[in-house]
Amino acid sequence: MSQSPNIIPIPVSCRLTGGAPFPLTAKTVVTAGDPALRSTAAQLARILVVTVADRAPAGGNAIVLSLDPGLTEKLGTEGYTLTATAGGVVIRGGGAAGVFYGMQSLRQLLPPDIERFGWKAGGGGLTVAAVEIEDRPRFGWRGSLLDVSRHFSPVAEIKKYLDTLALHKLNVFHWHLVDDQGWRIEIKKYPKLTSVGAWRTASPDIYAEKISDGVPHGGFYTQDDVREIVAYAAERFITVMPEIEVPGHSSAALNAYPQFGNTDAPGYAPLVQPRWTIFPETYAPKPETLQFLDDIFTEVLALFPSTFIHVGGDEAMKEQWEASPTARAFMKANGLKDGHELQSWFIRRTENFLAQRGRRLIGWDEIQEGGLAPGAAMMAWRDVKWAIEAARLGHDVVMAPTSHTYLDYAEGNAEEEAVAVGVQTTLEKVYAFDPIPAELEPAHHARVLGAQGQLWRERMPSLSVVERRAYPRLSALAEVVWSPVERKNYADFRARLTWLLARFDRLGVNYRKPHD
Ligand code: ACM
């Protein structure tokens, strides 16, 4: 292997000690001293095709995983140290997450062929170079949004996707489960959300948006599926954060239950939309709708342990509220001067509902327009200026700007990528992103929880296309959110990336070959 360890994201420090390397053999064992590390040990043993043992054999030849709470002060719960010597490898973490990340680094110290052949790769002569690594993430929120409304992915695909996030030490899976084009999560109390709301008649043609493909599309996750995904993610130290859109992007839900929309607005006709644009449907401010939303969130909270619950809040059109006598009367009675204030009213109410249950609301930057609820966090997508404003007001923010983190935007030029949207967002541009805006005062930096990459799937019908949009730009973003700024170097990243792409080849993960 090369003299510079090919780890992405690059660790805080990594020193080749010059000592004899550790030979990996059929007899190598993985040991985990703590029950919290068992799953990590099993995952590593599965990759290396070796066994897990209670303790290291007398002669060494072990990869030892251990918790060392004393490390937490220096490296946090996600930090780790990795020491490889001729006798073995020791990975220590302040918390179990740290040990898991150390395991991912060890994996990348070994050649890509291990992903297929385990210890036998390279004809059985594999070694781990003698190194000392000390590492911890720059940000606690290292996320990836996947839209499963515009196009659905079954459970097995979600698991494969989570595996690639774990390889990059990403830790938030933002699951965009609900939109105008399909409702994708079973809610027991409202079965029509999925029996009706998960199915649309057609989608726009990939190449010609105005033409319908005429092909029905749909699918949803049962609550058992959701539990399975949440547990699978947890074993990879990934939090699954659901997004349930309020009050807009609600056309599919309202197609299933039209009575909860603005039924007295002229032309009210919600559909599970077969087109990609923004639609006028919003939830109506009336008691039965509020009960409907409370019931939905009650079931959602029972499924997702995530502290943060994403409530969307973006692109809610105000026309139907303005046109509905019921909504207008509600605004007047509650002293709300327009649709923006009604939008904020919905978000505040939801924030209160979540806070009473020990959770925190996060929403897209529009939730700030009519005043941000006190405990709410904000995800900036249109412009980082919204995040700067919110952080200055004391709100936690997550950076998800179109400018650098919309991975549905074309990576190559327009000619090459006819089906991608938006302005070209190159690998180098994503790599150059800094989640801390230059103009944000240091006193507010801690408000920036981190950043995430967005994969909106209007033009991504399959997981293979998702992967090709995601990688390697999400690999670049992983380094943005994990590695210290001083360690970032695009040329060096590109050199290390060659190895990661070879690993993707072995794992059957699609990607766009960089050629700029
Ligand atoms: C968004 O792209 N509407 C958040």
Side-chain angles (χ1 to χ4, degrees), residues 141 143-151 172-184 204 209 241-253 273 275-283 308-319 339-340 343-344 346-347 350 361-370 372 376-390 395-411 419-425 429-430 433 435 448-460 466 469-470 473-474 477:
W141 188 299
S144 165
L145 175 150
L146 186 66
D147 170 9
V148 291
S149 174
R150 276 56 176 265
H151 283 99
V172 178
F173 176 52
H174 176 168
W175 206 3
H176 187 77
L177 284 162
V178 168
D179 218 305
D180 299 308
Q181 293 81 6
W183 180 283
R184 307 268 176 244
E209 182 147 352
M241 178 183 68
E243 179 179 352
I244 305 294
E245 289 259 20
V246 176
H249 285 286
S250 48
S251 193
Q273 297 290 350
R275 294 183 299 126
W276 300 143
T277 184
I278 302 167
F279 297 93
E281 280 73 30
T282 46
Y283 291 117
F308 281 102
I309 302 292
H310 203 297
V311 302
D314 58 320
E315 300 174 323
M317 293 173 77
K318 316 297 186 297
E319 283 80 341
H340 293 285
Q343 144 115 347
S344 277
F346 263 100
I347 299 297
T350 313
L361 177 144
I362 187 165
W364 298 110
D365 52 48
E366 288 95 328
I367 68 172
Q368 193 164 341
E369 284 172 3
L372 200 53
M378 207 204 56
M379 192 172 270
W381 73 281
R382 293 173 301 173
D383 199 303
V384 296
K385 75 176 184 196
W386 297 106
I388 294 170
E389 199 178 305
H395 294 279
D396 288 335
V397 296
V398 173
M399 297 298 191
T402 54
S403 61
H404 293 80
T405 69
Y406 268 43
L407 306 182
D408 51 330
Y409 286 16
E411 183 172 350
V419 302
V421 270
V423 287
Q424 188 179 3
T425 303
K429 184 171 187 192
V430 174
F433 181 55
V448 180
L449 302 182
Q452 60 176 46
Q454 286 37 260
L455 290 157
W456 301 104
R457 287 182 64 181
E458 285 89 342
R459 292 164 187 81
M460 297 185 219
V466 166
R469 289 261 172 269
R473 288 183 293 181
L474 197 52
L477 197 65

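We count ligands from 1, going down the list as the structure has it; atoms in each ligand are counted the same way. In what follows, residues are counted from 1 in the order of the sequence shown.
- Sorted by chain and number, the residues within 4.0 Å of ligand 1 by heavy atom are Asp314, Glu315, Trp364, Trp381, Tyr406, Trp456.
- For the 3.5 Å distance criterion, the side chains of Gln452 and Trp141 qualify, holding a donor opposite an acceptor.
- Evaluation of the side-chain contact (heavy atoms from CB on, under 4.5 Å) rule for Ser250 yields Leu254, Glu281, Tyr283 as partners, not counting sequence neighbours.
- Side-chain N/O atoms of Glu366 and Trp386 include no donor and acceptor closer than 3.5 Å.
- Counting non-hydrogen atoms of neighbouring residues, nucleotides and ligands closer than 6.0 angstrom, the CZ atom of Arg275 reaches no more than 12 such neighbours.
- Scanning for side chain to side chain donor-acceptor pair (under 3.5 Å) contacts around Glu319 gives an empty result, with sequence neighbours left out.
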Going by atom type alone, with no hydrogens or angles, which donor-acceptor pairs under 3.5 Å involve a side-chain atom of residues 308-316 and a protein atom two or more places apart or on another chain?
unit_1	atom_1	unit_2	atom_2	d
His310	ND1	Gly312	N	3.0
Asp314	OD2	His249	NE2	3.3
Glu315	OE1	His249	NE2	2.8

